[in-house]
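Scroll down for the structure; my scribbles are underneath it.
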Amino acid sequence: MSEQRAAKTSQSGPSQGPAARPVPRRRSSGIGAPITRSRFLMIAVAVFAGLGLAWWAATGLELVKPIFLPSPESVAGQLGKLWSDGTLWLDLKASIYRISIGFLIASALAIPIGVLIGSFRVWEAAVEPLVDFIRYMPVVAFVPLSILWSGTGDAQKFLIIFIGTFFQQVLMIMDNVKRVPTDFVGLGRTLGLPDRKILTRIVVPSALPGIWDTLRISLGWAWTWLVLAELVAATSGLGYRITVSQRYFQTNTIIGYILLLGMLGLITDQVMKALGKVLFRQEGHAQ
């Protein structure tokens with residue numbers, strides 16, 4: 001009888017046990033399917049190349065008048081001219097300086113406040129409704145007020161960038177902190193850690209990858225608010241140059257500066273993303 005049972009077992013094979021179930025293969029296409037970095041880069045470059053080719057064809061075949069859409073050669077020539085006489089470099093320095101200071105001030109205040117209201121319900125009740133109320137106010141409406149409050153210097157640009165990013169950052173960082181598993185906090189209490197050490201040793205390190213992504217996203221908003229601040233009451237900067245070019249119908253300068261702003265935003269975003277992969281490799285950001 002034992003031999004017959006053994007024969008039946010060998011015939012049926014190990015598929016009857018749970019360990020013998022086939023392992024699902026990872027799909028090479030579809031939702032969530034991974035791709036290699038080289039293929040990702042190739043697709044991204046192809047998209048930009050296709051758009052550039054369409055632009056060149058539309059202007060080369062005169063499908064669009066140059067006053068509405070200048071040719072790539074005209075835009076590149078105008079940027080080269082502005083670079084040679086130092087105008088482009090001065091505008092770049094002014095804008096990069098303003099966005100750096102304004103964004104750092106907003107982030108330096110948003111991170112501790114977001115951690116605080118994300119960890120303590122009392123502080124959330126005191127701060128979150130007010131922040132939520134202010135963030136729905138249009139930033140454009142604060143431009144004339146910011147000029148009255150701080151003049152037309154760089155402080156006014158810092159203030160606009162601050163208003164445009166700070167309140168959004170606070171709420172997003174609060175959500176990052178709330179996503180920390182409660183078991184982590186419970187472990188800290190089991191170990192007898194005070195609230196201060198639970199925050200610094202458990203909550204903040206666990207929320208840091210999400211906070212970093214929040215900073216990366218809000219940095220893109222900061223570029224938008226920078227241009228808004230420089231469109232009014234400015235004497236230098238990328239946004240200021242766009243305004244001046246608009247008065248004289250210099251479309252090639254406008255298009256060139258818009259493309260330059262997009263390139264700066266893309267560079268800063270990719271730098272932040274690369275740093276996130278290095279700093280938080282253990283969190284899966286390196287995939």
Side-chain angles (χ1 to χ4, degrees), residues 48 52 70 72 74-111 135 138-169 212-276:
F48 279 96
S74 175
V75 172
Q78 182 67 6
L79 289 179
K81 178 182 177 181
L82 293 173
W83 177 264
S84 61
D85 63 15
T87 301
L88 180 56
W89 174 240
L90 291 177
D91 290 336
L92 275 174
K93 285 197 304 182
S95 294
I96 292 175
Y97 165 71
R98 290 164 182 163
I99 194 173
S100 299
I101 301 300
F103 181 74
L104 288 175
I105 293 174
S107 302
L109 294 176
I111 291 175
R135 79 183 180 97
V139 181
V140 179
F142 285 96
V143 172
L145 292 175
S146 65
I147 296 175
L148 291 175
W149 293 339
S150 56
T152 59
D154 287 339
Q156 184 260 343
K157 281 67 178 174
F158 301 156
L159 182 58
I160 291 297
I161 296 172
F162 177 87
I163 295 173
T165 56
F166 169 77
F167 300 100
Q168 307 288 346
Q169 284 180 330
W212 186 264
D213 288 338
T214 293
L215 296 179
R216 180 173 66 87
I217 294 171
S218 59
L219 181 58
W221 300 337
W223 280 108
T224 303
W225 305 130
L226 167 73
V227 175
L228 173 65
E230 292 180 342
L231 288 176
V232 181
T235 57
S236 62
L238 300 175
Y240 165 77
R241 197 63 54 191
I242 291 175
T243 304
V244 173
S245 302
Q246 181 182 0
R247 297 172 186 170
Y248 298 101
F249 296 98
Q250 296 175 342
T251 317
N252 51 2
T253 302
I254 297 174
I255 297 294
Y257 270 55
I258 291 175
L259 293 176
L260 184 59
L261 282 166
M263 184 62 65
L264 290 172
L266 178 62
I267 291 173
T268 53
D269 182 82
Q270 294 301 311
V271 169
M272 291 282 287
K273 185 183 292 186
L275 288 175

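At most 12 non-hydrogen atoms from other residues, nucleotides or ligands lie less than 6.0 angstrom from CD of Gln246.
To the nearest 0.5 Å, the span separating OG on Ser84 from CH2 on Trp89 amounts to 15.0 Å. In this structure, CG in Asn252 is found 9.0 Å from CD1 in Ile255, a value given to the nearest 0.5 Å. Separating the CG atom in Leu88 from the NZ atom in Lys81 is a distance of 13.5 Å, to the nearest 0.5 Å. Atom CG of Leu92 is separated from atom OG of Ser95 by 7.0 Å, given to the nearest 0.5 angstrom. Of the inter-residue distances, the one linking Thr253 atom OG1 with Leu260 atom CG reads 12.0 Å to the nearest 0.5 angstrom. Once rounded to the nearest 0.5 Å, the distance linking OG1 of Thr224 with CD1 of Ile99 reads 8.5 Å.
Of all the heavy atoms in Gly151 and Gln156, the pair that sits closest is O-CB, 3.2 Å. The minimum heavy-atom distance between Arg241 and Asp91, with the atom names listed, is NE-OD2, 2.8 Å. Scanning both residues, Val75 and Gly256, for their nearest heavy atoms gives CG1-CA, 3.5 Å. Taking each heavy atom of Arg98 and Gly237 in turn, the nearest pair found is NH1-CA, 4.0 Å. The heavy-atom pair separating Ser107 from Leu215 by the smallest distance is OG-CD2, 3.6 Å. Closest non-hydrogen pair, Leu159 versus Ser146, comes out as CD2-CB, 3.7 Å.
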Does Tyr257 form a side-chain contact (heavy atoms from CB on, under 4.5 Å) with Leu79? I'd like the steps, not just the answer. CA-CA 8 Å; Tyr257 270 55; Leu79 289 179; 4.0 Å; yes
### Query
Passes side-chain contact (heavy atoms from CB on, under 4.5 Å), Lys157 versus Tyr97? Steps please.
CA-CA 10 Å; Lys157 281 67 178 174; Tyr97 165 71; over 6 Å; no
Between Phe103 and Ser218, does the side-chain contact (heavy atoms from CB on, under 4.5 Å) criterion hold? Intermediate values first, please. CA-CA 9 Å; Phe103 181 74; Ser218 59; 3.5 Å; yes
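Between Leu238 and Leu226 the shortest side-chain heavy-atom distance does not fall below 4.5 Å. Looking at heavy atoms from C-beta onward, Leu219 lies out of side-chain contact with Asp269 at the 4.5 angstrom threshold. Side-chain contact between Leu275 and Val271 is present, with heavy atoms from C-beta onward closer than 4.5 Å. Put simply, the side chain of Leu261 reaches to within 4.5 Å of the side chain of Ile242, judged on heavy atoms. Looking at Met263 and Leu259, their side chains never come closer than 4.5 Å, going by heavy atoms from C-beta outward. Residues Met272 and Asp213 form no side-chain contact, since every pair of their non-hydrogen atoms from C-beta on lies 4.5 Å or further apart. At a threshold of 4.5 Å between non-hydrogen side-chain atoms, the residues Ser245 and Ile254 count as touching.
Ring geometry for Phe142 versus Trp149: interplanar angle of 30 to 60°, hence tilted.
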Name the atoms and distances for all side-chain donor-acceptor pairs under 3.5 Å in residues 161-168, with sequence neighbours left out.
{"residue": "Thr165", "atom": "OG1", "partner": "Ile161", "partner atom": "O", "Å": "2.7"}

